[in-house]
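Taking it in order: structure first as structure tokens, then the write-up.
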There are 2 protein chains.
Amino acid sequence: MDMTDQQILASLKNNSRMTASDIGKRVALSVPAVSERIRKLEEAGIIEAYTVKINRVKTGHKLLAFVFVGIEHSKHIETFRTRIVACEPVLECHHLAGEYDYLLKVLVEDTSQLERFLSDTLKKLPGVVKSNTMISLSTLKENINL
Amino acid sequence: MDMTDQQILASLKNNSRMTASDIGKRVALSVPAVSERIRKLEEAGIIEAYTVKINRVKTGHKLLAFVFVGIEHSKHIETFRTRIVACEPVLECHHLAGEYDYLLKVLVEDTSQLERFLSDTLKKLPGVVKSNTMISLSTLKENINL
DNA sequence: CTTGAAAACTGAGCGAA
DNA sequence: TTCGCTCAGTTTTCAAG
């Protein structure tokens with residue numbers, strides 16, 4: 001991970017469809033050299049995935065919420081982790097230090113879907129003793145990387 | 001946005017470097033047809049960006065935190081929005097309904113950087129009256145799209 | 001959708017640090 | 001040994017029909 005690799009990562013972050021030859025012009029390297037560096041970044045697990053950022057409002061998923069979850073017994077944690085990660089509306093799941101144990105970022109179409117997720121899915125998981133939901137009114141910034 | 005477009009979006013979501021011809025095989029369409037659909041999805045703003053998911057730990061950004069922020073007067077909101085979005089460590093900024101006004105997702109290298117962000121940047125913004133920081137111990141799931 | 005020209009990618013072999 | 005280059009063959013893209 002030298003300076004050139006960081007420039008390549010920055011280029012891909014801005015546009016992952018950028019061609020190796022375009023990146024090569026930026027970092028003054030030949031096409032095979034750039035391809036090889038990208039391959040190694042993938043192999044090392046530094047590049048985890050190539051993806052697109054999709055406009056949620058335009059695809060009908062209008063309701064973004066953050067849900068704090070408290071778990072009661074440590075014996076329930078493994079089940080909770082496995083089950084919650086498999087939930088489609090759960091975009092993110094972070095283990096927290098503090099009052100609550102987990103923070104979920106949940107994306108649904110409307111409030112009725114959110115209600116169903118909270119009542120039918122989340123609260124029925126073993127060990128879930130409390131939760132606290134906050135609705136996002138709007139999103140000003142949302143990057144996945146630094 | 002018909003079924004085919006959704007399949008194309010799903011393909012790009014899984015791997016944004018996938019070629020149009022590979023996508024074409026999945027959706028039974030010719031290469032120019034796929035390219036044209038992608039172009040229209042970009043034009044419509046449904047595809048907002050192509051990007052990579054980078055492993056944070058391996059690039060030295062080890063500390064992820066969520067910061068709730070309360071703002072005092074509405075006159076300060078515009079300044080706060082502009083300034084906070086420009087902050088490099090701030091990955092996300094959501095406007096919330098509830099006790100706090102904003103939720104920030106902040107990525108830094110270590111606790112000293114976090115301290116500097118909270119003390120030197122956030123708390124010096126006009127109107128910031130309270131904040132509440134939660135450290136992420138680990139991340140189980142982190143998608144940008146549904 | 002098909003087609004053909006231009007551009008890009010891949011892999012091998014070679015040379016320099 | 002590692003890294004990058006050039007070259008040749010193949011694939012992909014792009015725009016015209």
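Note that this is a predicted model, so its numbers are computed, not measured. All chains are named by letter (A, B, ...) in the order of the sequence lines, taking the proteins before the strands, and each is independently numbered beginning at 1.
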Exercise for the section: Kindly say if K40(A) contacts the phosphate of dT2(D), meaning a side-chain N or O under 4.0 Å from OP1 or OP2. Expected result: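 Indeed not, no polar side-chain atom of K40(A) lies that close.
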Problem - Side-chain N,O (R39(B)) to OP1/OP2 (dC14(D)) below 4.0 Å - result: no
Exercise for the section: To the nearest 0.5 Å, tell me how far L122(A) CG sits from T133(A) OG1. Expected result: 7.5 Å
Problem - Distance in Å, L118(A) CG paired with L114(A) CG, rounded so as to fall on 0.5 Å steps - result: 4.5 Å
Hey, are [X] and [Y] close enough for a salt bridge, meaning a charged N less than 4.0 Å from a carboxylate O?
| X | Y | result |
| --- | --- | --- |
| R39(A) | E36(A) | yes |
| K130(B) | E99(B) | yes |
| E42(A) | R17(B) | no |

Exercise for the section: Give a yes or no on whether the ring-centroid distance for Y102(A) and H95(A) is below 6.0 angstrom. Expected result: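 Yes, ring centres under 6.0 Å apart.
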Problem - Between Y100(B) and F66(B), ring centroids under 6.0 Å - result: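 Ring centroids of Y100(B) and F66(B) are no less than 6.0 Å from each other.
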Completion exercise
Bounded by its outermost nucleotides with an atom under 4.0 Å from a heavy atom of chain A, the footprint on DNA chain C reads dA8(C) to dG11(C)
For [X] and [N], give me the distance from atom [atom1] to atom [atom2], rounded to whole Å.
| X | N | atom1 | atom2 | result |
| --- | --- | --- | --- | --- |
| R17(A) | dT12(D) | CZ | P | 13 Å |
| M18(A) | dT13(D) | CE | C1' | 17 Å |
| D5(A) | dT2(D) | CG | P | 16 Å |

Just the table, please: protein N/O against nucleotides 5-11 of chain D N/O, every pair under 3.5 Å.
{"unit_1": "dC5(D)", "atom_1": "OP1", "unit_2": "S30(A)", "atom_2": "N", "d": "3.4"}
{"unit_1": "dC5(D)", "atom_1": "OP2", "unit_2": "S30(A)", "atom_2": "N", "d": "2.8"}
{"unit_1": "dC5(D)", "atom_1": "OP2", "unit_2": "S30(A)", "atom_2": "OG", "d": "2.3"}

Problem - Estimated bend of the helix from dC1(C)-dG17(D) to dA17(C)-dT1(D) (axis per five terminal pairs, rounded to 10 degrees) - result: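 The angle separating the two end axes equals 30°.
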Handout entry: More than 12 heavy atoms from other groups under 6.0 Å of CD on E72(B)
Key =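 Buried by this count: over 12 neighbours within 6.0 Å.
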Problem - Heavy-atom side-chain proximity of H61(B) to E109(B) below 4.5 angstrom - result: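 Yes, their side chains come closer than 4.5 Å.
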Problem - Sub-4.5 Å side-chain heavy-atom contact between Q6(A) and L9(A) - result: no
Practice task
Using modelled atom types only, decide if a donor and an acceptor are shared between the side chain of K141(B) and the backbone of I84(A) within a distance under 3.5 Å.
Solution key: no
